[in-house]
Structures are given as structure tokens and as C-alpha cells.
K.L.:
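This structure is in C-alpha cells; I'll ask about it shortly.
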Protein chains: 2
Amino acid sequence: MSATDDFIAAKDDFISQWGALGTSWGISRTMAQVHALLMISPEPISTDQCMEELQISRGNAHTNLKELVGWGLVKIVVKKGERKEFFEAEKDVWKVFTIVLRERKRREIDPAVELLKGCAERSKQVKSVEGKAFHEQMNELQDFAIFASKVGETISQLKYGPAIKFADKFLGLLPKDKSSR
Amino acid sequence: MSATDDFIAAKDDFISQWGALGTSWGISRTMAQVHALLMISPEPISTDQCMEELQISRGNAHTNLKELVGWGLVKIVVKKGERKEFFEAEKDVWKVFTIVLRERKRREIDPAVELLKGCAERSKQVKSVEGKAFHEQMNELQDFAIFASKVGETISQLKYGPAIKFADKFLGLLPKDKSSR
DNA sequence: TCATGGTTTCAATACTTACTGAAAGTATCC
DNA sequence: GGATACTTTCAGTAAGTATTGAAACCATGA
């Protein structure tokens, strides 16, 4: 088997497995596959190319491409002379990370803060022992959720350089030098 | 409406909404509800109480309770004189967080690292321009995933005190003092 | 203005995942 | 050993999500 065959297999594998992983990250398999395809495409691709490569319907391709645009992970580009829209993924890993972090914070943490705030408020006056315990638990959860929210906010605003330096200095972690790979 | 009514409403609300949030965190609604119920129960509860409170079947209650035990978020306790098993949730917020962090790392990051490693490896020899770009992209993703994995690992081993101190010192974040609430 | 090429929507359907309830399994007590 | 109290499994079903494909829509150029 040639190096090129290996490479083609690796590409297909990446797309299909990235899709499978997507489901465990709470996004649909197809959306993750479309994202994978775009991340490894040197050129922006059209809806038709996407349908072709992933063997999916037009509607499905369209929905997922637009949803990725909605997340901010994909940009629409128009080539001059062409009427079609083409799609191009953000390829910078740190940028992708910060975008996803912000989106997940918005979907997963912020609503929890709201819920906990309400529950803490409504159990403020209760005198019973279990009522007090409930109130206390809501407060602790709320403190933590707000804290997590702020950490997410702060990190998502960092540039890659400062972030990595920061992590290294205080957690003693740095990605290995490429030469050691 | 009395404070007690408010409190009961808040409890029900917490359970139902925590369940809804669960789906956006990649766990099933019922599992999140069971978890919520246990988090606010002053006493350990039995399978039957769980069925009763959440109005779900025995099989469902059983599966979800055991799955929470599998995550390490819930412990089985046996009361003396009783043959039933009772279930008790970990209530310490930081502990819950570190458990969930570890589990999500294991499910969401580690498999990605494996995938990327394989894809990078199999595209090593490829000479074409797009092949090189692919290889490079796999390496960047891999570096980042390994880095994220280590950060997760490190944080999940921290105790609450050091973690909060650390976050405060370098990100300038601290949960507000309770007196200000 | 209409024909063409492209985008968007959406009802019907397929697929996936969660839940039920009853039956089978296990441990304990007398 | 057998009755009792509880736990576990699982085939069938219900509920929830994603996908298709075709029709409606929109923009452009002749």
C-alpha cells in the first residue's frame, strides 16, 4: 500500500471518526463530519461538493453548513465569477477552541446559573432544616457555576501565546516540542 | 403563597430543569433528574422512593441510579436492619466537578487524541502539498488535545482550596463573598 | 420579463435513544 | 428448602432527533 493510499484512508477515517466523536460532544454526527471535511480542505468547498464527499442530501448539507456558520466556526466565501457560495473553516486550533468554549458556556453554564439563582431566591425564607440545606446547596452550586462561567469567559478571551505560557508556568504543562515527535 | 410552597415549587423546578440541562451536557434527562433529586435529599433514598418522586419505572430508576454509581457521583449505602439499598449523592460541589471533568476528559478528549495520533502517523510520508497540510493539521490538533488532556488531568487532581487560590491569583476571579449576596 | 442557477424550507420518514413492565435472578431469613 | 424481599435484565415500545427530497423561494443576466 502506497503512502497516498494511507493518506486517503486517514482522511476518510478522520472524517468518519470525528463525526462519531461529535456525538459525545453534544453535536450531531453530520455536523461534526462537515466540520472535519472543511478543516482538512485546502480550498473552500460548495454545498454540492459537501453532499458528494459525505453522501448526504442537499437539505442536510445546507442545514449543517449554516449551523457551523452560526457557531462562527465556518465562513462563507464567494469566488468572483461564481454564483455559488463556498464554505471555509477556521483552521487555527486555539481559535476553534475559544469559539467552542464560549458557545458551550452560553448553552451549558449560563442557563444553570439562572436556574440556581431562582431556586436560591425562592428558598431564602424557609425555616425548616431541609429547607435550609436546600438553600445552602443552591448557593454553593450557584457560586461554583458563576465561578466556572468567569473562568470560561476569561480563557476564551486569551490569545494562544499568553494562554500557553500561563498554563506552563502554573500547571507545569507545555505541549512537547515538535522535534520530539 | 407561603414560604414553604415556594420552597416545594423550587425543589420541583430544580429537579425538572436540572434534567433539561442534563441533555445539553450529554447525559440523559432522567439521569440528571435522579442526580438532582439525590443532591437535594438530606437522607439517602431507595429505588422505590426515586420511582415515586420522579414517576418513572423501576427499570429506568435502577439503570440510572447504577449509572450514577458508575460515574462515582453516587454511593450505595445500606441501613442496618434494612435489606434495601439506598443511594446517596456526593454533595461537595468541587468533588462533583472534578469527577465530571475526569469522566468527560476520558470520553471526549482521550479518544480524539488516539484518532489524531493515527491520522498524523499515516500521513507522515505523504509528499503532496495537500498531504502535508493534512499532516500538519493533524499534528496541531493532536498537540492541542494532549495539552487539554493534561490540563484536565491536573485540575481534576487539585483540591478546592488551591484551585480557587490559583484561579484568583492569575485570573483575578473569586466567587463573591457570601455576605454580599 | 422570464429562464437559469442557486438557496431555503419543511412535511414525511428513518434512525437512534430512552423507558416500561414483567420475568428472571439473587440473597436473606426462618 | 422454600418463602420473602429485593435487584437485574431485556424485548417491546415510545419518544426524540436527524435526514431526505421535492417544492417554494430568490437573485441574476439576457
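Numbered from 1 within each chain, the chains take letters A, B, ... in sequence-line order. Basis for what follows: all heavy atoms, side chains included, without hydrogens, waters or symmetry-related copies.
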K.L.:
Pairs of donor and acceptor atoms involving the side chains of residues 11-18 of chain A, under 3.5 Å and at least two apart or interchain, shall be tabulated with distances.
P.N.:
| residue | atom | partner | partner atom | Å |
| --- | --- | --- | --- | --- |
| A:D13 | OD2 | B:R122 | NH2 | 2.7 |

K.L.:
Between D:dC10 atom P and B:K66 atom NZ, what is the distance in whole Å?
P.N.:
15 Å
K.L.:
Just to be sure I understand the geometry, which residues of residues 33-48 of chain A put a non-hydrogen atom under 4.0 Å away from DNA chain D?
P.N.:
none
K.L.:
So which pairs with a foot in residues 34-46 of chain B pass side-chain hydrogen bond (donor to acceptor under 3.5 Å, both in side chains), sequence neighbours left out?
P.N.:
B:S46-B:Q49
K.L.:
Generate the contact string for nucleotides 20-27 of chain D. Rules: B means base contact, S means sugar-phosphate contact only, - means no protein heavy atom under 4.0 Å.
P.N.:
BB-----B
K.L.:
Atom CE of A:M51 and atom C1' of D:dT19: how far apart are they, to the nearest Å?
P.N.:
12 Å
K.L.:
What integer distance in Å separates A:M31:CE from D:dT17:P?
P.N.:
16 Å
K.L.:
Tell me which donor-acceptor pairs under 3.5 Å the side chains of residues 107-121 of chain B have, and how far apart each pair is, sequence neighbours excluded?
P.N.:
| residue | atom | partner | partner atom | Å |
| --- | --- | --- | --- | --- |
| B:R107 | NE | B:E103 | OE2 | 3.2 |
| B:E108 | OE2 | B:R104 | NE | 3.1 |
| B:D110 | OD1 | B:K105 | NZ | 3.1 |
| B:D110 | OD2 | B:K105 | NZ | 3.1 |
| B:E121 | OE1 | B:K124 | NZ | 3.4 |

K.L.:
B:F144 vs A:F97 aromatic rings, parallel, tilted or perpendicular, using cut-offs 30° and 60°?
P.N.:
tilted
K.L.:
Return the value, rounded to whole Å, for the distance between atom CD of B:Q49 and atom P of D:dC6.
P.N.:
12 Å
K.L.:
Does anyone know the first and last nucleotide of DNA chain C in reach of chain A, 5' to 3', at under 4.0 angstrom to a heavy atom?
P.N.:
C:dT4 to C:dT16
K.L.:
In this structure, would A:I155 and A:I164 fall into the same cluster of hydrophobic residues linked by side-chain contacts under 4.5 Å?
P.N.:
yes
K.L.:
For B:D48, what residues pass the side-chain hydrogen bond (donor to acceptor under 3.5 Å, both in side chains) criterion, not counting sequence neighbours?
P.N.:
B:R58
K.L.:
Return the value, rounded to whole Å, for the distance between atom CG of B:L65 and atom C1' of D:dT8.
P.N.:
13 Å
K.L.:
For A:K84 and D:dT28, what is the distance between atoms NZ and C1' respectively, to the nearest whole Å?
P.N.:
15 Å
K.L.:
Is the side chain of A:S149 donor-acceptor paired with the backbone N or O of A:A145 at a distance under 3.5 Å, no angle test?
P.N.:
no
K.L.:
In chain order, what residues pass the ring pair (Phe, Tyr, Trp, His ring centres under 6.0 Å) check against B:F7, with sequence neighbours excluded?
P.N.:
A:F134
K.L.:
Which pairs pass salt bridge (charged side-chain N to carboxylate O under 4.0 Å, His left out) with one or both residues in residues 25-37 of chain B, sequence neighbours excluded?
P.N.:
none
K.L.:
If hydrophobic clusters are built by linking Ile, Leu, Val, Met, Phe, Trp and Tyr wherever their side-chain heavy atoms come under 4.5 Å apart, do A:V100 and A:W25 end up in the same one?
P.N.:
yes
K.L.:
Only pairs under 3.5 Å count here: list side-chain donor-acceptor contacts from residues 66-81 of chain B, not counting sequence neighbours, and write none if there are none.
P.N.:
none

K.L.:
Looking at residues 14-28 of chain A, who's got a heavy atom less than 4.0 Å off DNA chain D?
P.N.:
A:S28
K.L.:
With A:Q137, which residues qualify under side-chain contact (heavy atoms from CB on, under 4.5 Å), at least two apart?
P.N.:
A:E140, A:L141, B:M39, B:K91
K.L.:
I'd like to know if the side chain of A:D143 pairs up with that of A:N139 as donor and acceptor (distance under 3.5 Å, no hydrogens or angles considered).
P.N.:
no
K.L.:
CD of B:E85 versus C1' of D:dT8: gap in Å, rounded?
P.N.:
11 Å
K.L.:
Within the structure, does a side-chain N or O atom of B:H62 lie under 4.0 Å from either OP1 or OP2 of D:dT7?
P.N.:
no
